Amino acid sequence: MIESRIHGSVAVITIDNPPVNALGPGVMEGMVSAIAAANEDPQVRAMVVIGAGRTFIAGADIKEFGKITSGQRKELTLLPQLLSIEDSPKPVVMAIHGTAFGGGLETAMAGHYRVAVESAQVGQPEVKLGIIPGAAGTQRLPRLAGVAKALEMCVTGDPVPAREALRAGIVDRIIEGDLLEGAMAFALEVAGKAPPKTRERNEKLSAEPGVFAQAHEQAAKKYRGQLAPFAAIGAVEAATRLDFEGGCEREAELFREFSALPIRKAAVVGAGTMGGGIAMNYANAGIPVLLKETSQEALDRGLAIIRKNYENSVRKGRFPAEVMNQRLALITPTLSYEGFEAADIVTEAVFENMALKKTVFGELDGVMREGAILASNTSTLDLDAIAAVTRRPEWVIGHHYFSPANVMRLLEIVRGKATAKQVIATSMDLAKRLKKVGVLAGNCFGFIGNRMFAAYRREAQFLAEEGTPIEAIDRALVDWGMAMGPLAVGDLAGLDVGWRIRKEWKHLEKAGVRHPEAEDRLCEMGRYGQKTGAGWYRYDENRRPSADPAVGEMLAKLAAELGIRQRVSSAEEIVERCVYALVNEGAKLLEEGIALRPGDIDIVYVNGYGFPAWRGGPMWYAEAVGLETMVQKIVEWEWKPAGLLLRLAQQNGSFSK
Ligand code: ZOZ
Ligand code: NAD
């Protein structure tokens, strides 16, 4: 893989790791020992490092990536090896043809001189993968090329041709004709001179005032929502303020915190309502995905729904059948964990049952490689309890999708107490790749979305139990602007999901506090919603709803049994009770810090639950109505107003201040 030959007084060290001389296992070690041997050899006065085949080192080995970016990174980082190259007492000339990208350029910069053919290119393209250079690229590049050029290269990730690299000071000479010959001649010229160490060249490190603020401003326009370009700016900035060692530490810190890990292969456990939609999201983004079930029957059912959804889209002319086939081919159904070890992320979407989730996470802990993300699509359950069954709680995170998962744009990203920052950064980045809007939430019952949804739907069910026709409840909220009524959404999501949630959280129910019973009754009747063809409504095979007298009968019986006084509420009351319930719970989430800002709640509701965008989201809407008006109604209904809501109403305040 590494070959060393002596030509006169020059040692030529050739890297031969086809196809592109990537820095796979053994390459760097081989290079370091060849350089050490050349230093021992009295005949050698200088060295040339060159790539065999079509290129110099084209970058890090993508296969090693997971390990490098995971907890194992410390041992695998190239930093110490690059230092040892730079500390070589005899000059090392890096001879570049093809591309020196990423780890390739970082290696080249650890040499004392760089020569290149005219057609060569150099670059730090890491940001394009959502990461930043991790082996001092952000520290050595500004020392060679100056701060402005280094910023440009690290932030855009764009390659620079050899001539430009020469002008910038990255390359010392362009070689016309044979690269090796030219590099050897150059080596002889510098032999015997004290080799200049890039890390000690500080003369180009002074930055124009305002250069970083300007870079931030530009990146904010161009790379909105991405993290890596900003981390790259921070790392280059560190080079101007800290010594080399301090700068490298800052680079590593930023790498860990703000770089997203590459997601090239995914896996999903459970092919039900959600798992199928989640797998479609990955396939739509071109990421191959394994989809695991417990029985062939469940797997076939899940795949048939996926296929039908795609066929619908093709029929509507959204994309050609060919695209459907490509996407279907990216989804690999399976009944075992085989192949999971190669996945960068797994998303669990089995039944909402803690014992089952713990079993599944125990299994995933055994099969997934180190450095893979373990995500749960749980709707309400304690993420920390799920993470605690694994040996790697820092790799566990909530990825809460919304039904229909292939359609709704929200991805609620739930951080557990141990979740690593890099896992959060990767999730935010992934959300974009999946064309979703990522919102970070804290861990509690239902996180942001479902804690509010439970309060909202509780009112909708109360209204039904009190005798308001179910169509009138849904109609009032649709007329108000919701994409669907709250009862119809229950049918879409699956009433059995709510049933399971209530069983899991039974211990939280307080004696004497009314809770809705209607959906439990529907589930007991086998009416789970769209998935069983009946729930609050009856459904045809195209999910079209129609009223079902059996539901009215059930409600009347329930009301008689529980002694619920019957009356029909107005559309205004329906909307007020349901929407104010959302707002009151939202205010509690803000108070508890589960939601970071009111805008996050609004984004969750507009993108995840079909809340009318033109009304701005629940918290925005609350202020439009007036917090005082809301509190008056809440008190009148004998609900407990959220402390924050009460306070703001009294002080004429606003959620966003
Ligand atoms: O009506 C639109 C909507 O946004 N509805 C609100 C949906 C909602 O609120 N989802 C949140 C559910 S709660 C949740 O997910 C969190 C959770 O943890 C639940 C926990 C349990 C809670 C307890 C419950 C008991 C909607 C997007 C659905 C439909 O939009 P449109 O009215 O504009 O209709 P279309 O026909 O133009 O559809 C647009 C695209 O969506 C596809 N689609 C519709 N229904 C679907 C579906 N795909 C899969 N499954 C379904 N059920 C439809 O095919 C179309 O796709 P394209 O590609 O053909 O355009
Ligand atoms: P579902 O009942 O439609 O599907 C669950 C699937 O998991 C079933 O097909 C089942 O066979 C499969 N399964 C069970 N144990 C398994 C195992 N050990 N290995 C592989 N597969 C297994 O339920 P769903 O609605 O898709 O919900 C799944 C999860 O997503 C739950 O945690 C739920 O709370 C959550 N969620 C649901 C919604 C929703 O609207 N339905 C929205 C967001 C999150």
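The structure displayed is predicted, hence computed values, not measured ones. Numbering of ligands and ligand atoms starts at 1, following listing order. These values consider heavy atoms only, across backbone and side chains, with no hydrogens, waters or symmetry-generated copies.
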Open item on the list: What protein heavy atom lies closest to atom 20 (C) of ligand 2? Include the residue and the distance to one decimal.
Closed with: Val269 CG1, 3.4 Å
- [ ] Compute the minimum heavy-atom distance from Gly449 to ligand 1 and say whether it is under 4.0 Å.
- [x] no
- [ ] Say whether Met274 and ligand 1 are in contact under the criterion: heavy-atom distance to a ligand atom below 4.0 Å.
- [x] no
- [ ] Determine whether any heavy atom of Trp499 lies closer than 4.0 Å to an atom of ligand 1.
- [x] no
Open item on the list: Looking at atom 34 (O) of ligand 1, tell me if a protein heavy atom falls under 4.0 Å from it.
Closed with: no
TODO: Determine, counting only non-hydrogen atoms of the protein, whether one lies under 4.0 angstrom from atom 26 (C) of ligand 1.
DONE: no
Task: Contact bool for atom 46 (C) of ligand 1 (protein heavy atom, d < 4.0 Å) - done: yes
Open item on the list: Quick check on Met482 - does any of its heavy atoms sit under 4.0 Å from an atom of ligand 1?
Closed with: no
TODO: Kindly state if atom 31 (P) of ligand 1 has a protein heavy atom within a strict 4.0 Å cut-off, that is, under 4.0 Å?
DONE: no
Task: Nitrogen or oxygen of Glu519 less than 3.5 angstrom from that of ligand 1 - done: no
Task: atom 57 (P) of ligand 1 touched by protein heavy atom at under 4.0 Å - done: yes
- [ ] Mark the output for Gln530 as yes if a heavy-atom distance to ligand 1 is under 4.0 Å, and as no if none is.
- [x] yes
Task: Donor-acceptor contact present, side-chain Glu348 to main-chain Val350, <3.5 Å - done: yes
Task: Cation-pi, Trp499 ring and Lys503 (6.0 angstrom, 45 degrees) - done: yes
Open item on the list: Does ligand 1 come near enough to Arg457 that some N or O of the ligand is less than 3.5 Å from an N or O of the residue?
Closed with: no
Task: Contact atoms of ligand 1, heavy-atom distance to Leu492 under 4.0 Å - done: 7 (C), 52 (N)
Task: Separation of Asn312 CG from Met324 CE (nearest 0.5 Å) - done: 10.5 Å
Task: For atom 37 (C) of ligand 2, closest protein heavy-atom neighbour - done: Met274 CG, 3.3 Å
Task: Residue-ligand contact Gly529/ligand 1, heavy atom below 4.0 Å - done: no
Open item on the list: I'd like to check which ligand 1 atoms, numbered from 1 as shown, lie under 4.0 Å from a non-hydrogen atom of Lys316.
Closed with: 53 (C), 54 (O), 55 (C), 56 (O), 57 (P), 59 (O), 60 (O)
